[in-house]
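Here the structure comes first, spelled out in structure tokens, and everything after it is commentary.
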Amino acid sequence: MSDDVVVRIEGLHKSFGHLEVVRGVDMEVRRGEVVVIFGRSGSGKSTVLRCVNFIEDPTAGSIEVSGMRLEGGYRTRRKREQVRQLRLHVGMVFQQFNLFPNMTVLDNVTCAPRCAGKGSNDEIKKRGLELLERVGLADKSAEHPIRLSGGQQQRVAIARALAMEPDVMLFDEPTSALDPELTGEVLSVMKTLSTDLHMTMMVVTHEMGFAREVADRMAFFHHGKILEEGVPSELIAAPQHRETSAFLDAVL
Ligand SMILES: Nc1ncnc2c1ncn2[C@@H]1O[C@H](COP(=O)(O)OP(=O)(O)OP(=O)(O)O)[C@@H](O)[C@H]1O
């Protein structure tokens, strides 16, 4: 694998019972690249993302993250350990923020590195505060999540995912549970991850403004496959398929 490919998805299939949701997806994401995945509800976008860190085990195909390649379609004890290793390289942010309600904001951010023994308590705390600063929440470190807005909670979730220093961040519709006025603050933090940290990101979103401004590439999903992909400005201006065009007309 060439050094700058962080994620390689090959021949990915995923079925739930008789329902084949992902029907042959191949994709590479290079270091520092931001790829937006979009398409109709039910087209398999979230499932592909969830296969990257084996929240869903692929029915067939392989996933490679940071040089570690794992096949789908079987379960062994060894594979469970490999999945655990692979996940150390992947941060994920979900539509629902999934913060621990009984912990402070800072504890939410530091609990994974603390469990993994990533440094001394002081180092972990310092790094947690730096991450909260990065997402604009340094003053909220002692609060509990319930006291924060949805946008602030999602920014804590981003800081928490960054705390394990992943090689790639996966975002599954990170703003779709938010009111429009809170969406901007989350997208703006995501943009800084790309501009300041050159973070590699795969983002399922219908925020075409974000795609146009931040993404290097966009992939349109249709019935479990990539129907077309390209540079955002070109794909949005001149989609090659009727389905892409109809979808863009609906969301723009
Ligand atoms: N764990 C599961 N068990 C059974 N069916 C599932 C499961 N997860 C997803 N599906 C089904 O797979 C299909 C694709 O779902 P997926 O969430 O990947 O689509 P999506 O394109 O991300 O759509 P949305 O934007 O609505 O999230 C849907 O029909 C969904 O109901």
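Every number for a ligand or one of its atoms is a count from 1 in the order of the listing.
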### Task
For a side-chain hydrogen bond (donor to acceptor under 3.5 Å, both in side chains) with Glu81, tell me which candidate from Gln85, Lys79, Arg78, Arg77 qualifies.
Gln85

### Query
Of all the non-hydrogen atoms in the protein, which one sits nearest to atom 21 (O) of ligand 1, and at what distance?
Lys45 NZ, 2.8 Å

### Task
Please identify which atoms of ligand 1 are closer than 4.0 Å to at least one heavy atom of Thr47.
15 (O), 16 (P), 18 (O)

#### Entry: Sub-4.0 Å atoms of ligand 1 with respect to non-hydrogen atoms of Val21
12 (O), 13 (C), 14 (C)

### Message
Is it the case that over 12 heavy atoms from other parts of the model lie below 6.0 angstrom from the NE2 atom of His223?
### Response
no

### Query
What about Ser43: any of its N or O atoms under 3.5 Å from an N or O on ligand 1?
yes

### Query
How close does the nearest protein non-hydrogen atom get to atom 6 (C) of ligand 1, and which residue and atom is it?
Phe16 CD1, 3.3 Å

### Query
Which ligand 1 atoms are under 4.0 Å away from a heavy-atom of Arg40?
21 (O)

### Query
For atom 17 (O) of ligand 1, what's the nearest protein heavy atom and its distance?
Ser46 CB, 3.6 Å

### Query
Counting distance only, does the side-chain N/O of Ser15 pair as donor-acceptor with the main-chain N or O of His18 below 3.5 Å?
no

### Task
Decide whether Ser46 and Arg50 meet the rule of one side-chain donor and one side-chain acceptor closer than 3.5 Å.
no

### Task
Write out the residue and atom name of the closest protein heavy atom to atom 26 (O) of ligand 1, then the distance separating them to 0.1 Å.
Ser41 OG, 2.6 Å

### Query
Stepwise, does the ring-ring contact (aromatic ring centres under 6.0 Å, His included) test hold for Phe247 with His222?
CA-CA 10 Å; Phe247 184 83; His222 187 64; 9.7 Å; no

### Task
Check ligand 1 against Glu173 and write out every atom of the ligand that is under 4.0 Å from a heavy-atom position of the residue.
24 (P), 25 (O), 27 (O)

### Query
Has Gly42 got any heavy atom lying under 4.0 angstrom from an atom of ligand 1?
yes

### Query
Quick one: does His198's side chain have a donor or acceptor within less than 3.5 Å of a partner on Leu193's backbone?
no

### Query
Which residue holds the protein heavy atom closest to atom 29 (O) of ligand 1, what is that atom called, and what is the gap in Å?
Leu19 CD2, 4.0 Å

### Message
Please report whether the ring centroid of Phe221 lies less than 6.0 Å from that of Phe38.
### Response
no

### Message
Give me the residue, atom name and distance of the protein heavy atom closest to atom 19 (O) of ligand 1.
### Response
Gly44 N, 3.3 Å

### Message
Distance alone, cut at 3.5 Å: any donor-acceptor contact between the side chains of Thr244 and Glu228?
### Response
yes

